[in-house]
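Take a look at the structure set out below.
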Amino acid sequence: MTERSEYSATAMASPNIAFIKYWGNINEELRLPVNGSLSMNLDGLATTTRIKFSPVFTEDSLEINGNPIQGVGLGRVKTVLNAIRADAGKPLFAMVSSENNFPSGAGIASSASAFAALAFAAVNALGMRVSTERISRFARLGSGSASRSVPDGFVEWFAGDSDESSFASSIAGADHWNLADCVLVVSDGHKKTGSTEGHKLAASSPLQTARVADAPRRIEICRRAILERDFGQLTAIIQLDSDLMHAVMMTSQPALFYWTPETLRIIESVRNLQMGGLPVAYTIDAGPNVHLITELKNVEQVIKAVKNLDGIIQILRTRAGKGARLV
Ligand code: DP6
């Protein structure tokens, strides 16, 4: 019997919203974060990636939504593939084609779902029998937050201090809690400073040391709030964590201001809604768009309360979702 020479697989993964944020690395190359983080995968939004390894290929190639990609994007894909090929002992080049079912201007970063789907597809194509944690480590090499899109539902990324010890795993499945994320899109333009550059500036803020030192406490509170489905605790801790990250961003050198007047208007409105007794929380990543977290039963009420605010271009509705999987 001759050995197989071509290997292919197709996988999909969703983006995630961080409840406790990753901001800053101790090792940029390995994407070892300065603090652990916690997130929820977003159902219905997905990157689907097909990979084929073949001895016929003379280089790696990448296509996203039908467009050939070179440069930095291809470089990050190669980093992940090199680690997987080395582990599998199969030195074959690959053809990768990837599609997002959400528009690139929707204010949701596609790097988390993209690198989670890539790592999952590649490992399965090469027939490797490895754990979810191992796959999340491969995904991390392409984008830190991608490590959290590999496991199911509510996910914790343990910061660790080496490639081996920095991985994500599920703390509860997607069905554990009916949480929804309504993404209020106020800008569909590309952000001025991407996360990879932003992480490098984090240490220049005098506030980063305090943010990082307090992270284990926030993770503990957030983990417990999720496990006990305590929305009040969840609200307090995720808003604090998001505000702390943005305080670091705003006080970095050079400063990163991701908020716009629309962002601030939404924050103010959410705080007013909370005072009126509506259980809704805000959290904001490296951009101006605001994620409103609420329980599924309150989604209509939340949307009704905010949809007429000035400057909202689009509202995306998602809920807790699964991890990376084969299609
Ligand atoms: C603000 O994972 O996008 O969304 O590792 O350079 O790809 P790279 O950065 P990325 O950073 C995410 C930053 C964040 C917070 C978070 O998702 O934890």
Side-chain angles (χ1 to χ4, degrees), residues 13-42 45 47 72-77 79-80 83 100 104 106-119 136-151 154-160 163 166-168 181 183 190-203 205 208 211-212 215 218-219 222 237-250 252 256-259 263 282-291 293 318:
S14 295
N16 64 76
I17 178 64
F19 289 162
I20 301 296
K21 314 278 189 194
Y22 148 50
W23 197 246
N25 284 310
I26 54 167
N27 181 322
E28 305 290 351
E29 205 183 329
L30 292 175
R31 294 180 203 269
L32 302 179
V34 289
N35 63 277
S37 52
L38 257 177
S39 61
M40 176 176 92
N41 287 332
L42 302 179
L45 309 177
T47 301
V72 180
L74 178 60
R76 285 168 76 169
V77 165
T79 301
V80 173
N100 296 321
S104 65
I108 308 253
S110 58
S111 65
S113 51
F115 286 102
L118 174 74
S136 93
R137 283 171 48 205
F138 286 132
R140 192 201 73 233
L141 297 172
S143 175
S145 55
S147 67
R148 298 189 310 241
S149 279
V150 176
F154 298 86
V155 176
E156 179 168 357
W157 173 13
F158 305 100
D163 179 46
S166 190
F167 58 83
D181 179 3
V183 192
H190 267 285
K191 52 190 173 198
K192 295 179 286 255
T193 309
S195 303
T196 303
E197 287 69 44
H199 290 295
K200 293 177 187 156
L201 299 178
S205 164
Q208 172 74 339
R211 189 193 74 88
V212 172
R218 295 193 304 279
I219 292 211
C222 188
I237 205 67
I238 75 176
Q239 291 186 174
L240 172 67
D241 190 84
S242 175
D243 291 348
L244 282 170
M245 181 183 73
H246 284 273
V248 165
M249 291 164 159
M250 290 173 193
S252 296
L256 296 174
F257 271 83
Y258 287 110
W259 293 1
T263 313
Y282 68 81
T283 183
I284 303 161
D285 279 346
N289 303 316
V290 184
H291 293 250
I293 309 300
T318 77

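We count ligands from 1, going down the list as the structure has it; atoms in each ligand are counted the same way. Keep in mind that the numbers below use all heavy atoms, side chains included, and drop hydrogens, waters and symmetry copies.
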- Side chains of Arg31 and Asn25: donor-acceptor distance under 3.5 Å anywhere? no
- Note on the structure: For Ala18, the atoms of ligand 1 under 4.0 Å from one of its heavy atoms are 16 (C), 17 (O), 18 (O)
- Which one of Asp285, Asp241, Asn35 satisfies the side chain to side chain donor-acceptor pair (under 3.5 Å) criterion with Lys21? Asp285
- Run the numbers on Val77 and Phe115 for side chain to side chain contact (heavy atoms under 4.5 Å, CB included), then give the verdict. CA-CA 8 Å; Val77 165; Phe115 286 102; 4.1 Å; yes
- Item | Min side-chain heavy-atom separation Arg140-Asp163 under 4.5 Å | yes
- min-distance protein heavy atom vs atom 4 (O) of ligand 1 -> Asp285 CG, 3.4 Å
- Interfacing atoms of ligand 1 (cut-off 4.0 Å, heavy-atom, Met245): 1 (C)
- Query: Who gets closest to atom 6 (O) of ligand 1 by heavy atom: Ile284, Asn25, Thr196, Asn35?
  - Reply: Thr196
- Query: What protein heavy atom sits nearest atom 7 (O) of ligand 1, and how far away is it?
  - Reply: Ser143 OG, 2.7 Å
- Item | Non-hydrogen atoms of Ile17 and Leu42 that approach each other most closely | CG2-CD2, 3.6 Å
- Message: Heavy-atom contact check, 4.0 Å cutoff: does Arg76 meet ligand 1?
- Response: yes
- Measure the distance from atom 8 (P) of ligand 1 to every protein heavy atom, then report the residue, atom name and distance (to 0.1 Å) of the closest one. Arg31 NH1, 3.3 Å
- Message: Students should be able to answer this: which protein heavy-atom is nearest to atom 5 (O) of ligand 1, and at what distance?
- Response: Gly144 N, 2.7 Å
- Counting each atom of ligand 1 from 1 as listed, which ones have a heavy atom of Lys21 under 4.0 Å away? 18 (O)
- Query: With side chains defined as the heavy atoms from C-beta onward, is the minimum distance between Thr196 and Glu28 less than 4.5 Å?
  - Reply: no
- Message: Checking a contact table here: which protein heavy atom is nearest atom 11 (O) of ligand 1, and how many Å away?
- Response: His199 NE2, 3.0 Å
- Message: Quick check: do Tyr258 and Thr193 have side-chain heavy atoms less than 4.5 Å from each other?
- Response: yes
- Under a 4.0 Å heavy-atom limit, does Ser37 contact ligand 1 with its side chain, its backbone, both, or neither? neither
- Message: How far is atom 2 (O) of ligand 1 from the closest protein heavy atom, and which atom is that?
- Response: Ser145 OG, 2.6 Å
- Item | Sub-6.0 Å ring centroid separation between His199 and Tyr22 | yes
- Query: Do Tyr282 and Asp243 have a side chain donor and acceptor closer than 3.5 Å?
  - Reply: yes
- Query: Hey, which atoms in ligand 1 end up nearer than 4.0 Å to a heavy atom of Ala286?
  - Reply: 1 (C)
- Given His291, which of Asp181, Thr283, Thr318 fulfils the side chain to side chain donor-acceptor pair (under 3.5 Å) condition? Asp181
- Task: List the closest protein heavy-atom neighbour of atom 16 (C) of ligand 1: residue, atom name, distance to the nearest 0.1 Å.
- Result: Arg148 NH2, 3.4 Å
- Return the residue, atom name and 0.1 Å-rounded distance of the protein heavy atom closest to atom 12 (C) of ligand 1. Tyr22 CD2, 3.9 Å
